[in-house]
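Below: one structure, written as structure tokens.
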Amino acid sequence: MMDFALTILGVNGAKPAFGRFPTSQFLQIQNHFFLIDCGEGAQMRLSDFGMPASKVDHIFISHLHGDHIFGLPGLLFSFALNDRSKPLHVYSPPGLEQMIMAQLTPGGQLPFAVHFHVIPTDKSVLIFENDALTVSTVPLIHRIPASGFLFREKQFQKNIIGEKISEHQLSIAQIKAVKQGEDILLDNGKTLKNEELTHPDYIPRSYAFASDTMYNEAMIPIINHVDLLYHETTFCEDRKENAVITQHSTAQEAATIARKASVGKLITGHYSSRYKELDIFQDEAASIFGNTVLGLEGKTYKVGRLRKQ
């Protein structure tokens, strides 16, 4: 399974409003599944949108404001009711473990291990890595310590051209070597260059999540050229003063970050409950960065696979 797909579960800021839930996202990268933030109602939205919650082994929490974490105790309790036994890893700024376990412990021990990983919010560091991808922090500027996340695929294994196997009578060992990027020395002394035997490489894909934060150009070199950027747009310019006071961003500011970072696509979100209609966010952001789409609950945003030219 080679999908790279982001599904919005909740897209409102601070509290539920107008049928919109607080922040939560479900991210699939190949056959790996992640939850990003876990606002109130996250497990309901996972069910509503048919997301395989049981496949989530890693949850990334940006900061400890309630609209980003109040869904976590309920989700963990549901995991227990569904007889989960495999460990769960949760990454967040300091303090989350005490908050969550204080709510869960009086009800008894969970039947699975929860490993809380404390992450820095003042610098970009690698916090997770497997065979397919890496996850790094993206420092944000908010009223409390907050971090965004950068998900980046590793380089795909080489794809060998099928006809070349029979043409050169390649052995299994040689096929494995070609997939690892090696040239092949034939028995007759001829060397086959790897590029002659393989299709052009697929380009690794990337996703950056930035919520909540005020305008912060320091993130630009970290998220530069990502395929997909979700950047909070709590307000529009008509309420710029509110954005400054609460250390949030406007749609115009998010679009400016997207343009300066040369990202592929910008997704808006974390909408203030002062706005019932969302077209104003689209219009404002798109005037700065054309490839802007509204973050909408239940909608999936995919990044296709492209080969290098």
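All residue numbers in this chain count up from 1 along the given sequence.
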**Prompt:** Would Thr191 and Asp183 count as a side-chain hydrogen bond (donor to acceptor under 3.5 Å, both in side chains) if you check the C-alpha gap in whole Å, the side-chain angles of each, and the deciding distance to 0.1 Å?
**Reply:** CA-CA 7 Å; Thr191 297; Asp183 298 336; over 6 Å; no
**Message:** To the closest 0.5 Å, what do you measure between CG (Leu88) and CD1 (Ile59)?
**Reply:** 4.5 Å
**Whether His58 and Phe128 hold their rings parallel, tilted or perpendicular, with breakpoints at 30° and 60°** = tilted
**Asked** Is it true that the NZ or CZ of Arg45 lies under 6.0 Å from the centre of Phe21's six-membered ring and within 45 degrees of the ring axis?
**Response** yes
**Asked** Within a reach of under 6.0 Å around NZ of Lys276, are more than 12 heavy atoms found that belong to other residues, nucleotides or ligands?
**Response** no
**Prompt:** Would you say Lys86's side chain and Ser54's backbone share a donor-acceptor pair under 3.5 angstrom?
**Reply:** yes
**Prompt:** At their closest point, which heavy atom of Glu129 faces which heavy atom of Leu126, and how far apart are they?
**Reply:** OE1-CD2, 3.6 Å
**Message:** The test is side-chain hydrogen bond (donor to acceptor under 3.5 Å, both in side chains); show your working for Ser147 and Thr121 and say whether it passes.
**Reply:** CA-CA 5 Å; Ser147 175; Thr121 59; over 6 Å; no
**Message:** With a sphere of 6.0 Å drawn around CE of Met44, does it hold more than 12 non-hydrogen atoms of other residues, nucleotides or ligands?
**Reply:** no
**CZ (Phe49) with more than 12 external heavy atoms under 6.0 Å** = yes
**Prompt:** What is the minimum heavy-atom distance between Met101 and Pro106, and which atoms define it?
**Reply:** O-CD, 4.2 Å
**Asked** Side chains of Arg152 and Ser136: closer than 4.5 Å at any heavy-atom pair?
**Response** no
**Asked** So if you build clusters from Ile, Leu, Val, Met, Phe, Trp, Tyr with side-chain heavy-atom gaps below 4.5 Å, do Phe26 and Phe70 land together?
**Response** yes
**Item:** Atom CD1 of Ile245 with >12 non-hydrogen neighbours under 6.0 angstrom
**Value:** yes
**Request:** Report yes if the side chains of Thr234 and Asp212 come closer than 4.5 Å at any heavy-atom pair, otherwise no.
**Result:** no
**Side-chain donor/acceptor of Asp67 to backbone N/O of Gly39, under 3.5 Å** = no
**Prompt:** Backbone N or O of Glu297 within a donor-acceptor pair of the Arg20 side chain at under 3.5 Å?
**Reply:** no
**same_hphob_cluster(Leu150, Tyr207) at 4.5 Å side-chain heavy-atom cutoff** = no
**Request:** Return yes if some donor-acceptor pair links the side-chain N/O of Tyr271 with the main-chain N/O of Gly295 below 3.5 Å, else return no.
**Result:** yes
**Side-chain heavy atoms of Ser85 within contact of Pro111, under 4.5 Å** = no
**Message:** Do Glu153 and Tyr202 make a side-chain contact, defined as non-hydrogen atoms from C-beta onward lying under 4.5 Å apart?
**Reply:** no
**Asked** Is the shortest heavy-atom distance from the side chain of Leu296 to the side chain of Leu278 under 4.5 Å?
**Response** yes
**Message:** Just so I know, are the side chains of Val114 and Ile100 near enough to count as touching, which here means a heavy-atom distance under 4.5 Å?
**Reply:** no
**Message:** Please determine whether a side-chain nitrogen of the Lys or Arg among Arg84 and Asp57 lies less than 4.0 Å from a carboxylate oxygen of the Asp or Glu.
**Reply:** yes
**Message:** Are there over 12 heavy-atom neighbours, none belonging to Lys154, within less than 6.0 Å of that residue's NZ?
**Reply:** yes
**Asked** Is it true that atom CD of Glu277 has more than 12 heavy atoms of other residues, nucleotides or ligands lying nearer than 6.0 Å?
**Response** no
**Asked** Looking at Asp37 and Ser24, what are the two nearest heavy atoms and their distance?
**Response** O-OG, 2.9 Å
**Message:** Any heavy-atom pair between the side chains of Gln282 and Thr268 that's under 4.5 Å?
**Reply:** no
**Prompt:** Is any side-chain heavy atom of Arg205 closer than 4.5 Å to a side-chain heavy atom of Phe156?
**Reply:** yes
**Item:** Glu241 CD: over 12 foreign heavy atoms closer than 6.0 Å
**Value:** no
**Message:** Taking the ring of Tyr301 and the ring of Tyr230, is the distance between their centroids below 6.0 Å?
**Reply:** no
**Inter-residue atom distance Glu217.CD - Met219.CE, 0.5 Å rounding** = 10.0 Å
**Fill in**
d(Cys236 SG, Asn242 CG) to nearest 0.5 Å is 11.5 Å
**Message:** Using 30° and 60° as the class boundaries, would you call the ring planes of His117 and His89 parallel, tilted or perpendicular?
**Reply:** parallel
**Message:** If we check side chain to side chain donor-acceptor pair (under 3.5 Å) with Glu232, which of these qualifies: His248, His142, His270?
**Reply:** His248
